[in-house]
Amino acid sequence: MRRRLPPSLLAGGVLVALVVLVAVVATIWTPRNPTQVDVVRRLSGIGQNGFLLGSDQLGRDELSLLMAGARTTLLVGVVTVVIAVAVGVPLGGLAALFGGALEEAVMRVSDVLLAFPALVLAILFAAVFRPGTVTAMAAIGIAFVPSFARVVRGAGLQVMEQDYVTVARGWGSGPLRLMVRHLLPNVGSVIIVQATVAFAIAILAEASLSYLGLGTTPGTPSWGLMLAEAQTYLAQAPLLGVWPGLCIGLSVLGFSLLGDGIRDLLDPRLVERMAQT
Amino acid sequence: MGPLILSRAAGLVVALVAASVLIFVVVNVLPGDPASVILGTAATPGALAQLRQQLGLDQPAWVRYLEWVGGMLHGDFGISPISRIPVGPEILQKLTVSAPLALGGTLVALVVAIPLGALAGIRHRRPSGVVISALSLGGMAVPAFWAGLLLISLFAVRLQLVPSGGFVPWSQDPLGSLTSLALPCLALGLVQGAVLTRYVRSAVIDVQRQDFMRTARAQGLSRWQALVRHGFRNAAIPVVTVLGIQLTSLIVGAVVIENVFDLPGLGLLLFQAVGNRDLVTVQDLVMLLTAAVLVVNLVVDLSYRLLDPRIRAR
Amino acid sequence: MTAGFTRREFLRWGGAGVAGLAAAELVAACGAEGTGRVRKDTLTVGIVQEPTSLDPTADATASIALLLRDNVYEGLVRLSPNGEVLPQLATSWQRQDNVYTFHLTPEARWHDGTPFTAQDVKFSFDRAMNPSTRPPNPHADYWEPVQSVDVVDPHTIRVTLKEYSFNFLFHMGAGSASIVSPRTIATDATHPIGTGPFRFQSWNHGASLTLVRNDAYWGRKARLRKVVFRFITDPTAMNDALLTGGLDAIGQVEGTQQLAAFKSNPRFRVMEGQPVGKVIVTINNASGPLRDLRVRRALSRAVNRRSWIEGIWNGYAVPIGSHACPNQGEPYYIDTTSINPYDPAQARQLLQAAGYGSGLTLRLAPISDFAYSMQGAEILQSELQEVGVKVTQQPVRFAEWLATIFTGPQNFDLTIVDHVEERDIGNYGNPAYYWHYDNPTLAGWLRQADADPDQTSRNALYAKIQRTIAEDAVNIFVASPHSLAVTAADVRGYPSGAVSPSLYLADTYFA
């Protein structure tokens with residue numbers, strides 16, 4: 001069956017591709033060294049002194065910083081989602097497969113974890129393990145675990161009700177086999193949608209944490225950090241407070257749209273299923 | 001319904017205990033302790049040991065845990081070892097900033113979301129509806145702190161209408177207090193409003209498809225009249241639920257927004273307490289925030305079941 | 001003068017025919033400019049760093065002394081904004097060899113009504129010197145030269161020193177040398193009781209701290225009725241609060257980028273005081289490669305002070321080459337900026353010679369509470385990169401900095417901090433101090449200099465000490481920021497210059 005691609009998928013795809021492209025290019029090349037300070041030429045305007053988007057309060061090239069920031073953002077997104085998937089999916093899957101006490105335990109623990117606002121968790125983490133990109137990624141990743149576990153369990157329960165799974169069970173398929181052969185392929189689309197949405201939230205969370213000084217450490221370009229530094233110079237250079245925010249907004253928008261689009265494309269009924277979990 | 005409430009309440013207690021243990025463990029493995037912070041430049045091993053004893057840091061962890069939980073149950077939140085001020089009144093004091101902020105933010109969110117969401121829902125196939133939902137999607141992608149920064153840039157730096165941060169205490173100048181809360185509430189509310197707009201929109205779309213709405217239209221009511229008389233009450237259920245769920249993101253937003261605008265509320269207190277290794281305050285605050293979220297979740301869950309007969313029947 | 005008014009004020013009030021303080025307060029509170037012009041008498045000052053406690057003898061946080069010393073608490077002496085020693089509770093004193101006799105004012109009373117006596121001084125000093133006091137005095141070393149403290153009579157106290165000390169009297173003007181009451185010391189941290197011209201009224205955590213005039217003050221009474229310190233950490237918010245009338249003055253200006261706007265605005269007055277404080281990149285002299293003098297010299301030569309002064313303070317700072325700054329509080333200052341000057345090529349050579357030609361990685365721990373420290377870290381990282389040194393940054397909160405870098409494990413290579421204490425060069429004689437500089441010869445010179453009553457030979461010795469510290473490249477000495485204050489144009493008598501640890505507001509008033 002051929003269907004028209006959802007417009008959100010196209011728009012999201014383009015935005016995400018753009019962010020990925022910039023991040024990849026930034027690992028090889030940026031117009032200037034993004035950490036190179038040039039105090040004499042600080043706060044240059046657009047196009048001044050050879051700075052395409054101007055320079056910041058210490059004379060660093062804004063465009064290079066933005067490009068390098070994309071790299072940081074993508075890294076954080078990928079790692080957090082990997083953590084969340086690696087921990088959350090097996091937990092949710094096992095809960096769906098075994099039910100009973102295990103399911104109850106997983107759901108209760110995820111209730112408690114869900115009650116911790118992710119940012120509060122990250123602030124605690126930053127205090128215990130020192131602020132840094134790794135700490136932020138771990139905290140955001142862990143904060144995502146319960147939502148993945150819940151979604152996978154919800155979808156898993158529905159899969160388990162399907163006839164063919166009941167049959168497979170009757171034939172004595174072990175839990176591991178059930179999980180790999182039947183459960184995972186069927187909840188895959190749910191995970192992909194959830195992961196894309198989580199990616200968007202992770203970008204927002206990393207930016208907020210870095211803005212608070214609890215995320216990416218200075219010396220590594222980060223959009224949140226750039227905004228924190230720009231705040232002092234809003235009167236002199238208002239644009240410094242605009243570019244990084246625009247990058248954050250567009251990336252988040254891109255991943256949210258992509259998530260919506262994939263969901264629409266894969267299975268419209270998913271919307272209902274996910275709403276029930 | 002009775003047994004359900006009982007089992008949910010028991011679940012709440014279990015969750016609260018689990019959360020308190022978790023918080024206590026996390027907070028008590030923090031590097032650096034209040035004794036070394038107080039002594040600062042003059043710390044010697046002997047002085048440290050003595051002060052730790054004075055602060056009760058030398059007792060076994062489980063004793064300290066029980067004392068902490070027991071105290072909180074009696075309304076005694078302990079004394080901050082850093083400022084040597086009771087934490088309970090301190091938290092109440094901060095609430096005079098955070099509560100109006102959260103309330104104002106919610107108000108802004110509702111004022112933005114209900115008309116826009118309803119409009120987008122009714123006209124969801126027309127350009128105006130599409131534009132509104134595109135805007136709300138964009139709004140969701142904006143970090144609250146950036147919204148705050150842009151508002152500062154425009155209203156404080158450029159137009160100089162309001163201060164860009166800080167808080168004038170209520171007792172000193174109530175009008176000034178309101179002014180210093182204006183931008184933060186707006187920043188918080190606009191972002192929350194964008195999320196809420198989408199929920200209102202889909203609730204309104206759903207409601208319009210219901211039979212009772214068709215009946216109402218058939219009786220000669222206009223689309224808007226039907227919606228106002230019958231639709232909103234029904235559309236309100238999911239929206240109220242979302243509002244409850246959004247409490248969590250409201251708390252998170254407030255922590256960040258208080259930092260953007262330098263507002264002395266709970267968020268800034270938490271942030272500073274972590275930096276100052278003020279363990280007592282950190283523990284109390286995180287526990288309170290978690291408890292608030294757990295309780296609201298329970299209330300929302302129960303009221304949702306109470307309001308919606310279809311769910312009650314299950 | 002016995003009444004709570006100065007003469008001019010009395011005439012003004014008398015002329016307006018207003019009787020009674022209550023009515024006057026009412027008018028002032030309404031801000032009405034009725035028949036005559038009613039003088040504003042509440043000063044609101046913006047402060048960056050909120051105090052952590054209100055007892056300056058228990059905690060080194062600079063803002064405690066800034067707000068409370070000389071306003072609420074008093075000492076034997078106080079320091080003028082420029083660093084001269086002035087009488088306070090001790091109205092006069094004599095020194096005979098190593099013995100100081102201080103004559104105390106018989107009129108002073110504590111804010112709780114009890115009279116102030118020499119016993120209170122003895123209590124405060126014995127407490128500061130006693131190593132088992134909890135928490136200990138943050139500057140216990142200020143009493144290092146003291147042998148004994150004796151009460152001669154209720155209004156006379158004798159302090160016997162082991163030998164003459166150049167710095168002793170100066171240090172008695174510090175916040176940590178405040179005289180406290182034995183009856184209230186237990187609660188001073190939250191409710192300070194002193195003898196000063198202002199009483200503590202309230203502390204609204206995270207927001208403000210309020211002082212009111214002490215109408216029973218023993219000396220010349222304060223001209224302001226009320227002082228409100230508002231805590232605003234963000235420099236932009238601070239400047240905006242002044243622009244929009246929420247503040248009458250900014251205590252310490254950090255957002256220098258907006259200073260030009262205030263200078264050109266007739267509604268405000270910018271006061272540029274002397275440079276105060278020593279911003280240094282502290283080098284852990286005990287950490288691996290940093291033990292090598294060549295490496296430390298290379299680091300010093302990689303740093304361009306002009307970049308820092310422009311980039312961080314927008315020019316409002318002076319370069320320093322050693323641990324002293326050119327203000328009247330440190331009269332022994334000499335210019336040492338030509339020792340180990342900015343020279344990246346030489347820096348690379350020195351590193352090559354030391355065996356780090358192929359690269360070196362150092363850990364830098366800037367303090368995230370302080371903008372200068374964080375910005376300095378970015379500049380330093382870029383500058384060291386130029387000479388082939390890679391820097392990994394790990395910012396820490398000030399509280400953690402105190403616990404892990406200043407004390408504790410001291411597991412760091414570099415950090416950036418402003419040493420605001422005046423005359424603290426003596427720390428280079430302490431090998432346990434956090435930069436771990438161990439030079440017994442220099443320690444001897446420091447003791448000798450402090451005990452030398454002769455100014456010429458003392459200053460010559462201090463000059464030699466400064467040069468040695470600069471040559472040994474103990475730390476990277478960067479700059480001393482100007483003390484800057486901005487007030488509304490009608491504020492008079494605001495203290496400019498900050499060699500004194502306090503923001504003394506008893507002489508401040510509105511025109």
Side-chain angles (χ1 to χ4, degrees), chain B residues 30-44 46-48 50-51 53-54 79-80 82-86 89-90 93-94 96-97 152 156-157 160-169 171-173 176 179-180 258-265 268-269 272 274-278, chain C residues 44 46 50-55 58-61 131-141 187 189-190 202-208 210 228 230-234 236-247 368-369 396-404 406-409 421 433-434:
Chain B
L30 286 175
D33 71 55
S36 51
V37 172
I38 293 171
L39 292 181
T41 59
T44 61
L48 276 172
Q50 203 163 342
L51 190 60
Q53 190 187 351
Q54 205 178 315
I79 290 173
S80 155
I82 305 297
S83 62
R84 280 176 256 173
I85 282 192
E90 175 97 13
Q93 159 74 40
K94 300 295 176 199
T96 63
V97 178
I152 290 176
V157 176
Q160 303 208 346
L161 289 175
V162 283
S164 66
F167 185 73
V168 183
S171 56
Q172 199 179 313
D173 175 11
T179 318
S180 33
E258 283 175 13
N259 265 282
V260 177
F261 290 93
D262 225 346
L263 289 178
L268 208 56
L269 180 68
Q272 287 167 345
V274 169
N276 291 336
R277 300 272 173 271
D278 189 341
Chain C
T44 309
E50 180 166 15
T52 42
S53 126
L54 304 181
D55 177 0
D59 185 327
T61 305
S132 56
T133 300
R134 290 296 164 262
N137 191 292
H139 297 129
D141 56 309
T187 53
T190 53
S202 61
W203 181 14
N204 182 350
H205 284 259
S208 63
T210 306
V228 180
R230 268 183 64 193
F231 306 117
I232 305 177
T233 28
D234 178 59
T236 316
M238 179 80 92
N239 290 339
D240 289 352
L242 185 61
L243 278 172
T244 52
L247 295 176
S368 54
D369 307 55
V396 291
R397 290 291 304 252
F398 187 53
E400 193 184 356
W401 185 89
L402 283 173
T404 62
F406 195 81
T407 61
E421 275 113 337
Y433 204 66
Y434 77 115

Output yes when a side-chain donor or acceptor of C:S208 lies under 3.5 Å from a complementary backbone atom of C:N204, and no otherwise.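 A pair under 3.5 Å: no.
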Select one option (side chain, backbone, both, neither) describing which atoms of [X] are under 4.5 Å from chain B's heavy atoms.
X	result
C:W401	neither
C:A207	both
C:I232	both
C:V396	neither

B:F167 and B:D262, any side-chain heavy atoms less than 4.5 Å apart: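 B:D262 does not reach B:F167 side chain to side chain.
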Using a 4.5 Å cut-off on heavy atoms from C-beta on, say whether the side chain of B:I152 contacts that of B:V260. yes
Is the ring centre of C:F406 less than 6.0 Å from the ring centre of C:Y433?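 Ring centres of C:Y433 and C:F406 closer than 6.0 Å.
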